[in-house]
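Okay, structure first, notes after.
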Amino acid sequence: MTIKIKAFGPIADKMNARELELDPPGNLDDLRKALHEKYPQLVHLDFAIAVDRKIIRENAPLSPGSEVALLPPFSGG
Amino acid sequence: MEKKLKNIFVDGPIEPVFISNSIANHSRKTGIGGHSIFLGQIRADPKEGNKEVVAIDYSTYRDMALEKAHEIREETFNKYDLHCMHIYHSLGKVEKGGISLFVFTSSKHRSPAIQACNELVERIKSELPIWGKEILSDDQTNWKVNT
(Lines give C-alpha, C1' and ligand atoms only; values in the text may rest on other atoms or scores of the structure.)
Protein backbone atom coordinates (compact mmCIF):
# COMPACT_ATOMS: atom_id res chain seq x y z
CA MET A 1 0.00 0.00 0.00
CA THR A 2 1.21 3.49 -0.85
CA ILE A 3 -0.31 6.87 -0.22
CA LYS A 4 -1.01 9.29 -3.02
CA ILE A 5 0.05 12.89 -2.65
CA LYS A 6 -1.53 15.60 -4.75
CA ALA A 7 0.76 18.05 -6.53
CA PHE A 8 -0.27 21.39 -8.00
CA GLY A 9 0.95 24.29 -10.12
CA PRO A 10 4.72 24.56 -10.57
CA ILE A 11 5.31 21.41 -8.46
CA ALA A 12 3.08 19.28 -10.72
CA ASP A 13 4.88 20.81 -13.71
CA LYS A 14 8.36 20.14 -12.35
CA MET A 15 7.50 16.56 -11.31
CA ASN A 16 5.51 15.99 -14.50
CA ALA A 17 2.80 14.38 -12.36
CA ARG A 18 -0.31 15.46 -10.51
CA GLU A 19 0.13 12.67 -7.98
CA LEU A 20 3.19 11.31 -6.21
CA GLU A 21 3.29 7.99 -4.38
CA LEU A 22 5.08 7.07 -1.17
CA ASP A 23 5.10 4.28 1.41
CA PRO A 24 2.80 5.58 4.14
CA PRO A 25 4.79 7.78 6.56
CA GLY A 26 3.67 7.96 10.20
CA ASN A 27 3.84 11.72 10.49
CA LEU A 28 4.56 14.88 8.55
CA ASP A 29 8.27 15.03 9.39
CA ASP A 30 8.66 11.49 8.02
CA LEU A 31 6.70 12.53 4.96
CA ARG A 32 8.99 15.53 4.31
CA LYS A 33 12.06 13.32 4.65
CA ALA A 34 10.63 10.55 2.44
CA LEU A 35 9.57 13.04 -0.22
CA HIS A 36 13.05 14.53 -0.45
CA GLU A 37 14.65 11.07 -0.60
CA LYS A 38 12.38 9.73 -3.30
CA TYR A 39 11.98 13.00 -5.23
CA PRO A 40 15.25 14.96 -4.87
CA GLN A 41 13.99 17.55 -7.39
CA LEU A 42 11.69 18.81 -4.62
CA VAL A 43 14.55 20.01 -2.44
CA HIS A 44 14.86 23.29 -4.33
CA LEU A 45 11.15 23.96 -4.58
CA ASP A 46 9.12 26.05 -2.17
CA PHE A 47 5.90 24.41 -1.01
CA ALA A 48 3.59 24.01 1.98
CA ILE A 49 1.89 20.72 2.89
CA ALA A 50 -1.87 20.48 3.37
CA VAL A 51 -3.44 17.61 5.25
CA ASP A 52 -7.17 17.22 4.71
CA ARG A 53 -7.16 20.62 2.99
CA LYS A 54 -5.52 22.55 5.86
CA ILE A 55 -1.93 23.79 5.74
CA ILE A 56 0.15 22.21 8.52
CA ARG A 57 3.54 23.83 9.15
CA GLU A 58 4.75 21.74 12.12
CA ASN A 59 4.78 17.99 12.70
CA ALA A 60 1.53 16.03 12.98
CA PRO A 61 0.51 12.38 12.75
CA LEU A 62 -0.78 11.14 9.39
CA SER A 63 -3.45 8.50 9.06
CA PRO A 64 -3.63 6.23 6.00
CA GLY A 65 -6.75 8.00 4.80
CA SER A 66 -5.34 11.55 5.07
CA GLU A 67 -5.60 13.73 1.97
CA VAL A 68 -2.09 15.11 1.49
CA ALA A 69 -1.20 17.87 -0.98
CA LEU A 70 1.92 19.85 -1.88
CA LEU A 71 1.11 23.51 -2.39
CA PRO A 72 3.58 25.88 -4.06
CA PRO A 73 3.11 29.62 -3.30
CA PHE A 74 -0.34 30.77 -4.41
CA SER A 75 -0.69 33.10 -7.38
CA GLY A 76 -4.39 33.64 -7.93
CA GLY A 77 -6.09 36.91 -8.79
CA MET B 1 -17.71 17.31 2.98
CA GLU B 2 -21.47 16.99 3.53
CA LYS B 3 -22.01 20.70 3.29
CA LYS B 4 -22.54 22.12 -0.21
CA LEU B 5 -20.01 24.90 -0.67
CA LYS B 6 -20.71 27.85 -2.92
CA ASN B 7 -18.79 27.62 -6.18
CA ILE B 8 -16.59 30.62 -6.96
CA PHE B 9 -15.03 29.33 -10.19
CA VAL B 10 -15.86 30.38 -13.73
CA ASP B 11 -14.40 28.64 -16.78
CA GLY B 12 -12.33 31.13 -18.76
CA PRO B 13 -12.73 34.92 -18.52
CA ILE B 14 -15.47 36.63 -16.50
CA GLU B 15 -17.51 38.39 -19.17
CA PRO B 16 -18.51 42.07 -18.73
CA VAL B 17 -22.18 41.12 -19.33
CA PHE B 18 -22.01 38.74 -16.36
CA ILE B 19 -20.75 41.64 -14.23
CA SER B 20 -23.46 44.02 -15.43
CA ASN B 21 -26.16 41.39 -14.82
CA SER B 22 -24.78 40.88 -11.35
CA ILE B 23 -25.11 44.64 -10.66
CA ALA B 24 -28.65 44.68 -12.11
CA ASN B 25 -29.68 41.79 -9.85
CA HIS B 26 -29.27 44.09 -6.85
CA SER B 27 -31.74 46.77 -7.96
CA ARG B 28 -34.56 45.26 -5.87
CA LYS B 29 -32.37 45.11 -2.74
CA THR B 30 -33.26 48.67 -1.80
CA GLY B 31 -31.63 48.57 1.65
CA ILE B 32 -28.27 48.79 -0.12
CA GLY B 33 -26.69 52.25 -0.41
CA GLY B 34 -23.23 51.35 -1.73
CA HIS B 35 -21.48 48.69 -3.77
CA SER B 36 -17.76 48.10 -4.09
CA ILE B 37 -16.40 46.14 -7.02
CA PHE B 38 -12.90 44.91 -7.75
CA LEU B 39 -12.03 43.52 -11.19
CA GLY B 40 -8.71 41.83 -11.78
CA GLN B 41 -7.56 42.06 -15.40
CA ILE B 42 -4.82 40.13 -17.20
CA ARG B 43 -1.96 42.55 -17.78
CA ALA B 44 0.34 42.17 -20.80
CA ASP B 45 3.46 42.26 -18.64
CA PRO B 46 6.65 42.81 -20.63
CA LYS B 47 9.16 39.96 -20.24
CA GLU B 48 12.84 39.62 -21.04
CA GLY B 49 13.71 39.09 -24.70
CA ASN B 50 11.04 41.41 -26.10
CA LYS B 51 8.25 39.07 -25.00
CA GLU B 52 5.04 39.74 -23.15
CA VAL B 53 2.33 37.88 -21.24
CA VAL B 54 -0.50 37.03 -23.66
CA ALA B 55 -2.65 34.93 -21.29
CA ILE B 56 -2.76 33.30 -17.86
CA ASP B 57 -3.86 29.70 -17.38
CA TYR B 58 -5.31 29.23 -13.87
CA SER B 59 -5.53 25.97 -11.95
CA THR B 60 -6.65 25.19 -8.41
CA TYR B 61 -6.96 22.66 -5.62
CA ARG B 62 -10.71 23.00 -5.87
CA ASP B 63 -11.92 21.32 -2.67
CA MET B 64 -9.51 23.27 -0.50
CA ALA B 65 -10.14 26.54 -2.36
CA LEU B 66 -13.91 26.27 -1.87
CA GLU B 67 -13.54 25.42 1.82
CA LYS B 68 -11.17 28.34 2.33
CA ALA B 69 -13.39 30.72 0.33
CA HIS B 70 -16.31 29.69 2.55
CA GLU B 71 -14.25 30.43 5.67
CA ILE B 72 -13.16 33.84 4.30
CA ARG B 73 -16.77 34.63 3.38
CA GLU B 74 -18.03 33.80 6.90
CA GLU B 75 -15.27 35.78 8.60
CA THR B 76 -15.89 38.81 6.37
CA PHE B 77 -19.65 38.74 6.97
CA ASN B 78 -18.96 38.62 10.73
CA LYS B 79 -16.49 41.48 10.58
CA TYR B 80 -18.36 43.94 8.32
CA ASP B 81 -22.00 44.94 8.12
CA LEU B 82 -22.70 43.71 4.58
CA HIS B 83 -25.86 42.97 2.64
CA CYS B 84 -24.20 40.88 -0.07
CA MET B 85 -20.86 39.42 -1.10
CA HIS B 86 -19.97 37.75 -4.38
CA ILE B 87 -16.63 36.24 -5.37
CA TYR B 88 -15.75 34.84 -8.82
CA HIS B 89 -12.36 33.63 -10.02
CA SER B 90 -11.44 32.27 -13.44
CA LEU B 91 -10.04 28.81 -14.10
CA GLY B 92 -8.33 27.85 -17.33
CA LYS B 93 -7.09 30.32 -19.88
CA VAL B 94 -7.81 34.07 -19.75
CA GLU B 95 -6.23 36.23 -22.45
CA LYS B 96 -4.68 39.65 -21.81
CA GLY B 97 -7.35 42.26 -21.21
CA GLY B 98 -9.74 39.62 -19.85
CA ILE B 99 -11.19 39.70 -16.33
CA SER B 100 -10.08 36.89 -14.02
CA LEU B 101 -11.30 38.07 -10.61
CA PHE B 102 -14.59 39.73 -9.68
CA VAL B 103 -15.29 40.70 -6.06
CA PHE B 104 -18.53 42.50 -5.29
CA THR B 105 -19.68 43.71 -1.86
CA SER B 106 -22.73 45.75 -0.90
CA SER B 107 -23.72 47.55 2.28
CA LYS B 108 -26.11 50.18 3.64
CA HIS B 109 -23.36 52.84 3.65
CA ARG B 110 -20.18 52.79 1.57
CA SER B 111 -17.49 52.13 4.17
CA PRO B 112 -18.10 48.43 5.03
CA ALA B 113 -18.47 47.56 1.32
CA ILE B 114 -15.18 49.26 0.40
CA GLN B 115 -13.18 47.85 3.32
CA ALA B 116 -14.58 44.32 2.93
CA CYS B 117 -13.91 44.35 -0.83
CA ASN B 118 -10.25 45.34 -0.31
CA GLU B 119 -9.75 42.76 2.40
CA LEU B 120 -11.38 40.02 0.31
CA VAL B 121 -9.10 40.71 -2.66
CA GLU B 122 -6.00 40.52 -0.44
CA ARG B 123 -7.17 37.31 1.22
CA ILE B 124 -8.18 35.67 -2.10
CA LYS B 125 -4.73 36.35 -3.53
CA SER B 126 -2.81 35.14 -0.49
CA GLU B 127 -4.98 32.32 0.92
CA LEU B 128 -6.74 30.52 -1.93
CA PRO B 129 -4.82 27.62 -3.52
CA ILE B 130 -4.89 28.96 -7.07
CA TRP B 131 -1.93 29.07 -9.45
CA GLY B 132 -1.52 31.17 -12.57
CA LYS B 133 0.74 30.05 -15.40
CA GLU B 134 1.69 32.94 -17.65
CA ILE B 135 1.71 32.15 -21.36
CA LEU B 136 4.19 34.34 -23.22
CA SER B 137 4.14 35.62 -26.80
CA ASP B 138 6.61 32.91 -27.90
CA ASP B 139 4.41 30.17 -26.32
CA GLN B 140 6.83 29.67 -23.44
CA THR B 141 5.33 29.58 -19.96
CA ASN B 142 6.25 31.03 -16.62
CA TRP B 143 4.60 30.52 -13.22
CA LYS B 144 3.20 33.79 -11.94
CA VAL B 145 4.44 35.10 -8.58
CA ASN B 146 2.09 37.26 -6.51
CA THR B 147 3.65 40.41 -5.08
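Order of the sequence lines fixes the chain letters, A, B, ..., with proteins taken first and strands second; residue numbering starts at 1 for each chain.
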Please classify the contact between [X] and chain A as side chain, backbone, both or neither, with a heavy-atom cut-off of under 4.5 Å.
X      : result
B:S126 : backbone
B:K125 : both
B:T60  : backbone
B:E71  : side chain
B:I130 : both
B:Q41  : neither

Please classify the contact between A:A12 and chain B as side chain, backbone, both or neither, with a heavy-atom cut-off of under 4.5 Å. neither
More than 12 heavy atoms of other residues, nucleotides or ligands under 6.0 Å from [atom1] of [X]: is that the case?
X      : atom1 : value
A:K4   : NZ    : no
B:K93  : NZ    : no
A:E21  : CD    : yes
B:H109 : NE2   : no
B:N78  : CG    : yes
B:D138 : CG    : yes
B:K51  : NZ    : yes
A:R32  : CZ    : yes

Heavy-atom pairs under 4.5 Å with chain A - which of B:P129, B:G40, B:S59, B:S100 has more of them than the others? B:P129
Sub-3.5 Å donor-acceptor pair from the side chain of B:N146 to the main-chain atoms of A:G76, do we have one? yes
When A:P73, A:A69, A:P72 are compared by non-hydrogen pairs under 4.5 Å with chain B, the top option: A:P72
Determine, using the 4.5 Å side-chain heavy-atom cutoff (strictly less than), whether B:V10 and B:V121 are members of one ILVMFWY cluster. no
Indicate, with yes or no, if B:I14 and B:I124 share a hydrophobic cluster defined by side-chain heavy-atom contacts under 4.5 Å among Ile, Leu, Val, Met, Phe, Trp and Tyr. no
Pairwise distance CG(B:D63) to NZ(A:K6) - rounded to 0.5 angstrom: 7.0 Å
Nearest 0.5 Å please: distance from the CG atom of A:L71 over to the CE atom of B:M64. 5.0 Å
Could you tell me if the side chain of B:L128 sits less than 4.5 Å from the side chain of A:F74, heavy atoms only? no
Are any non-hydrogen side-chain atoms of A:K54 and B:E67 less than 4.5 angstrom apart? yes
B:W131 versus A:P10, closest heavy-atom pair with distance: CD1-CD, 4.0 Å
Write down the atom of A:E67, the atom of B:Y61, and the distance for their closest heavy-atom approach. OE2-OH, 2.5 Å
